[in-house]
Undergrad: 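Can you read through this structure? Questions will come right after.
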Amino acid sequence: MLTTMNIILIFTSTRAVIKAEECLRSHDVDCQVIPVPKDISSECGMALSLAAGIRERAEALLGEIGLEVRIHEPVGKRAPLFDLLTTVEQGGCSAKLPPGVLFDALDRLSVHSDPNLLVGLSTGDDAGVYRLTDEIALIETTDFFPPVCSDPFDFGQIAAANALSDVYAMGGKVLTAMNLVMFPASGIPFEVLHEIVRGGHEKVLEAGGILVGGHTIADYPPKYGLAVTGVVHPDRLINNSNAEPGQILILTKPVGTGALVAGQRLGQASAADYRRALDSMKQLNREAAEIMQQFRVRAATDITGFGLLGHALNIAKASGVAMEIDTIKVPALPGALELLEVGCIPGASFRNLDHVEASADFAPDLSYTRKMLMLDPQTSGGILLCAPPDQAEAILAELCARCCPSSAIIGRTTALVRKHLVVL
């Protein structure tokens, strides 16, 4: 049995790719423009990706307009011997504890004072940061979760990208990573385990890091992630507590992965929309971190299980500012709003609402669908950064050109008057 597999349509020129995309979309055929790996073709740098099940229709449509196309079928995309989504009711960052429960537990811990501890528990940051020298600070983080998709290799890549993201949110570079593996001793073929850690390993290599070991225990359902160490110059650290009034909020990835994963489990998400969500979750935030350092951004966070509003609230509280977010400007993954509209809402969204509600002013005319999109639990989401107003457009242009074409200005920081969040 095959999973939803994508094929790649290879063309002789970029002009042909554009013409083919226009043709297919005009006939309601879902497709996506992608870069072509050099080991597949050197003729043209771009290609089209679409579901294998609509290959014949696509070929017929393109033949009618006289386009020459070559089909590449990626190997290794057959269904695993075991569908990982059958093991979970909620996976990815949707499986996080409610933020209120987590923060209450952490608030009861005694605070240890150390002049070299640059970021600890107090600000709800993405990672801990400890200064070793005047030039080097260590970034330490860990993240793991249950399956967010059926395919083990995809799951390994997404879980790894999510864990690595904490280093990038702090403006750092990845050094090393260690596997965190929870997998049953029986009941799931061990080839599935191999594919999970292979996916994670490839993503660590893409990040420029080295996988140096790890730890495993027998557990069900399976879970996977990484413990990651990175570095940053102490004076170039990016964290939650550095936001100032008057800055511009930029989001680097569209939101909606929670709804699309839930929709896939319920059989309501389209194959193309779900594949785009997986591709978004696999994308590293590495280049976004480099751009933040290029423009000396000093306040940012990555968006994961607490949703856009939950993570925005962390910055607002730690920095003592308010954040005004224009929900219409927040980019959504294709299909996410439609799924939320029909009630395909992850349970974590309501936990996120409970967490932010007392700290937020919601506009009276804000639609319920847009509100829930702001609370949608993301897995391996983008970066929310606070940009100086005179550099915001330049930062946005650089993000869109280099790595994150869906990046958008979604609001601003203001002085705190009443509530930490103003949601329009």
Undergrad: For the residue pair L237 and L118, establish whether any side-chain heavy-atom pair is separated by less than 4.5 Å.
TA: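 Yes, their side chains come closer than 4.5 Å.
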Undergrad: How about P147 and P222: do any of their side-chain heavy atoms sit closer than 4.5 Å?
TA: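 A side-chain contact exists here, since the closest heavy-atom pair is under 4.5 Å.
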Undergrad: Just wondering, are more than 12 heavy atoms of other shown residues or ligands nearer than 6.0 Å to CG in L205?
TA: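 Yes, the 6.0 Å shell around CG holds more than 12 heavy atoms from other groups.
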Undergrad: Once side-chain contact (heavy atoms from CB on, under 4.5 Å) is applied, do any residues pair with R286, and if so which ones, sequence neighbours excluded?
TA: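 Applying side-chain contact (heavy atoms from CB on, under 4.5 Å) to R286 gives Y168, L284, E290.
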Undergrad: If you take all heavy atoms of L260 and L333, which pair is closest and at what distance?
TA: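 What the structure gives for the nearest pair is CD1-CB, 3.7 Å.
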Undergrad: If you take all heavy atoms of I10 and A47, which pair is closest and at what distance?
TA: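 Residues I10 and A47, closest heavy atoms: CD1-CB, 4.1 Å.
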Undergrad: For the residue pair L251 and S407, establish whether any side-chain heavy-atom pair is separated by less than 4.5 Å.
TA: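 Side chain of L251 against side chain of S407, heavy atoms only: no contact under 4.5 Å found.
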Undergrad: I'd like to know if the side chain of S165 reaches the main chain of A161, judged simply by a donor and an acceptor atom lying under 3.5 Å from each other, with no hydrogens or angles considered.
TA: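 A pair under 3.5 Å: no.
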Undergrad: Would the distance check show the side chain of T176 and the main-chain N or O of L211 forming a donor-acceptor pair, the cut-off being under 3.5 Å?
TA: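 No: the side chain of T176 does not pair with the backbone of L211.
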Undergrad: So, using side chain to side chain donor-acceptor pair (under 3.5 Å) as the criterion, who are the partners of K223 when residues are at least two apart?
TA: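 Here the qualifying residues are D219.
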Undergrad: Is the shortest heavy-atom distance from the side chain of P152 to the side chain of I196 under 4.5 Å?
TA: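 Answer yes - side chains close enough.
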Undergrad: Only counting residues at least two apart or in another chain, list the ones meeting side-chain contact (heavy atoms from CB on, under 4.5 Å) with A299.
TA: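 Applying side-chain contact (heavy atoms from CB on, under 4.5 Å) to A299 gives N242, A243, C386.
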Undergrad: May I ask you to decide if I383's main-chain N or O and T252's side chain share a donor-acceptor pair within less than 3.5 Å?
TA: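 At least one qualifying donor-acceptor pair exists.
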Undergrad: May I ask you to test the H233-I136 pair for a side-chain heavy-atom distance under 4.5 Å?
TA: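 A side-chain contact under 4.5 Å is absent here.
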Undergrad: Can I get a per-line list of side-chain donor-acceptor pairs under 3.5 Å for residues 391-401, giving both atom names and the distance, sequence neighbours left out?
TA:
none

Undergrad: Consider only side-chain N and O atoms of Q378 and T257, and report whether a donor and an acceptor are under 3.5 Å apart.
TA: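 Checked: Q378/T257 side chains pair up, N/O donor to acceptor below 3.5 Å.
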Undergrad: Can you sort out the partners of R131 under salt bridge (charged side-chain N to carboxylate O under 4.0 Å, His left out), two or more places apart, ordered by chain and number?
TA: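 R131 satisfies salt bridge (charged side-chain N to carboxylate O under 4.0 Å, His left out) with no residue once adjacent residues are dropped.
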Undergrad: For Q247, does its backbone N or O pair with a side-chain atom of T413 as donor and acceptor, under 3.5 Å?
TA: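 Yes: the side chain of T413 pairs with the backbone of Q247.
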Undergrad: Got a donor-acceptor contact below 3.5 angstrom from the D302 side chain to the A169 backbone?
TA: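 Between the backbone of A169 and the side chain of D302 there is no qualifying donor-acceptor contact (under 3.5 Å).
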Undergrad: Test of understanding: with side-chain contact (heavy atoms from CB on, under 4.5 Å), list the residues that count as partners of E357, not counting sequence neighbours.
TA: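 Here the qualifying residues are L353.
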Undergrad: Angle class for the F145/F155 ring planes (parallel below 30°, perpendicular above 60°, tilted otherwise)?
TA: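 The rings of F145 and F155 sit tilted, inter-plane angle from 30° to 60°.
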Undergrad: Does a side-chain heavy-atom distance below 4.5 Å link L226 with F144?
TA: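 No, side chains not in contact.
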Undergrad: Would you find more than 12 non-hydrogen atoms of other residues, nucleotides or ligands less than 6.0 Å from D134 atom CG?
TA: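 No, CG of D134 has 12 or fewer neighbouring heavy atoms, counting only those of other groups under 6.0 Å.
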Undergrad: Using atom types as modelled and distance alone, determine if a side-chain donor or acceptor of N285 lies under 3.5 Å from a backbone N or O of A288.
TA: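 No: the side chain of N285 does not pair with the backbone of A288.
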Undergrad: Heavy-atom distance under 4.5 Å between the side chains of L278 and I158, does that happen here?
TA: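 Side chain of L278 against side chain of I158, heavy atoms only: contact under 4.5 Å found.
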Undergrad: What pairs with R55 under side chain to side chain donor-acceptor pair (under 3.5 Å), at least two apart in sequence or on another chain?
TA: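 Residues passing side chain to side chain donor-acceptor pair (under 3.5 Å) with R55: E59, E73.
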Undergrad: How about D143 and N162: does a side-chain donor come under 3.5 Å of a side-chain acceptor?
TA: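 On atom types as modelled, these side chains qualify, holding a pair under 3.5 Å.
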Undergrad: Do D83 and S150 meet the criterion of a side-chain donor-acceptor pair at a distance under 3.5 Å?
TA: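 Present: a donor and an acceptor within the cut-off.
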Undergrad: Is it the case that the side chain of D376 and the backbone of G258 share a donor-acceptor pair, with hydrogens and angles ignored and the cut-off at 3.5 Å?
TA: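 Yes; judged by distance alone, with no hydrogens or angles, the pair exists.
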Undergrad: Under 3.5 Å, is there a donor-acceptor pair between the side chain of T87 and the main chain of L84?
TA: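 A pair under 3.5 Å: yes.
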Undergrad: Checking side-chain contact (heavy atoms from CB on, under 4.5 Å) between S380 and each of K253, K203, Q157, which is the one that passes?
TA: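 Option passing the side-chain contact (heavy atoms from CB on, under 4.5 Å) with S380: K253.
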Undergrad: Kindly indicate, with the supporting measurements, whether the criterion side chain to side chain contact (heavy atoms under 4.5 Å, CB included) is fulfilled by Y224 and N179.
TA: CA-CA 8 Å; Y224 176 68; N179 281 324; 2.6 Å; yes
Undergrad: For Q264 and R275, does a side-chain donor sit closer than 3.5 Å to a side-chain acceptor?
TA: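 No.
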Undergrad: Who pairs with R57 by side-chain contact (heavy atoms from CB on, under 4.5 Å), at least two apart in sequence or on another chain?
TA: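 Partners of R57 under the side-chain contact (heavy atoms from CB on, under 4.5 Å) test: H27, V29, L61.
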Undergrad: Does any non-hydrogen side-chain atom of N239 lie less than 4.5 Å from one of M170?
TA: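 Answer yes - side chains close enough.
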Undergrad: Indicate the atoms forming the closest heavy-atom contact of A58 with L50, along with that distance.
TA: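 Reported closest heavy-atom pair: CB-CD2, 3.8 Å.
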Undergrad: Identify the heavy atoms of I291 and C403 that sit nearest to each other, and give their distance.
TA: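 Closest pair (atom of I291, atom of C403, distance): CD1-SG, 4.1 Å.
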Undergrad: Quick test of your reading of the model: are R276 and D273 salt-bridged, counting only N-O distances below 4.0 Å?
TA: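 A salt bridge is present here (some side-chain N lies under 4.0 Å from a carboxylate O).
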Undergrad: The criterion is ring pair (Phe, Tyr, Trp, His ring centres under 6.0 Å); which residues satisfy it with Y274, sequence neighbours excluded?
TA: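 Expected list: none.
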Undergrad: Quick one: list whatever passes salt bridge (charged side-chain N to carboxylate O under 4.0 Å, His left out) with E22, sequence neighbours left out.
TA: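 Applying salt bridge (charged side-chain N to carboxylate O under 4.0 Å, His left out) to E22 gives none.
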Undergrad: Which heavy atom in V174 sits nearest to a heavy atom in A207, and how many Å separate them?
TA: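 Distance-wise, the nearest heavy atoms are CB-O, 4.2 Å.
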Undergrad: Would you be so kind as to tabulate the donor-acceptor pairs closer than 3.5 Å made by side chains of residues 417-424, with sequence neighbours excluded?
TA:
unit_1: R418; atom_1: NE; unit_2: D361; atom_2: OD2; d: 3.4
unit_1: R418; atom_1: NH2; unit_2: D361; atom_2: OD1; d: 2.5
unit_1: R418; atom_1: NH2; unit_2: D361; atom_2: OD2; d: 2.9
unit_1: H420; atom_1: ND1; unit_2: V321; atom_2: O; d: 3.0

Undergrad: Could you report the tightest heavy-atom contact between N352 and G307, atom names first, then the distance?
TA: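 Shortest heavy-atom separation between N352 and G307 comes out as ND2-N, 3.7 Å.
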Undergrad: I'd like to know if R370 pairs up with D326 as an ion pair, taking the criterion as any Lys NZ or Arg NE/NH1/NH2 lying under 4.0 Å from an Asp or Glu carboxylate oxygen.
TA: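 D326 and R370: not salt-bridged.
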Undergrad: Is the backbone N or O of V228 less than 3.5 Å from a side-chain atom of T142, with the two atoms forming a donor-acceptor pair by type?
TA: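 The answer is no, because no donor-acceptor pair under 3.5 Å joins these two groups.
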Undergrad: Can you tell me if L132 has over 12 outside heavy atoms packed within less than 6.0 Å of its CG?
TA: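 More than 12 within 6.0 Å, yes.
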Undergrad: Indicate yes or no for a side-chain donor-acceptor contact from Q293 to the backbone of R236 under 3.5 Å, with no hydrogens or angles considered.
TA: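 Side chain of Q293 to backbone of R236: a pair is present.
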Undergrad: For D365, enumerate each residue passing the side chain to side chain donor-acceptor pair (under 3.5 Å) test, keeping only those at least two apart in sequence or located in another chain.
TA: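 Counting only residues at least two positions away or on another chain, D365 forms no side chain to side chain donor-acceptor pair (under 3.5 Å).
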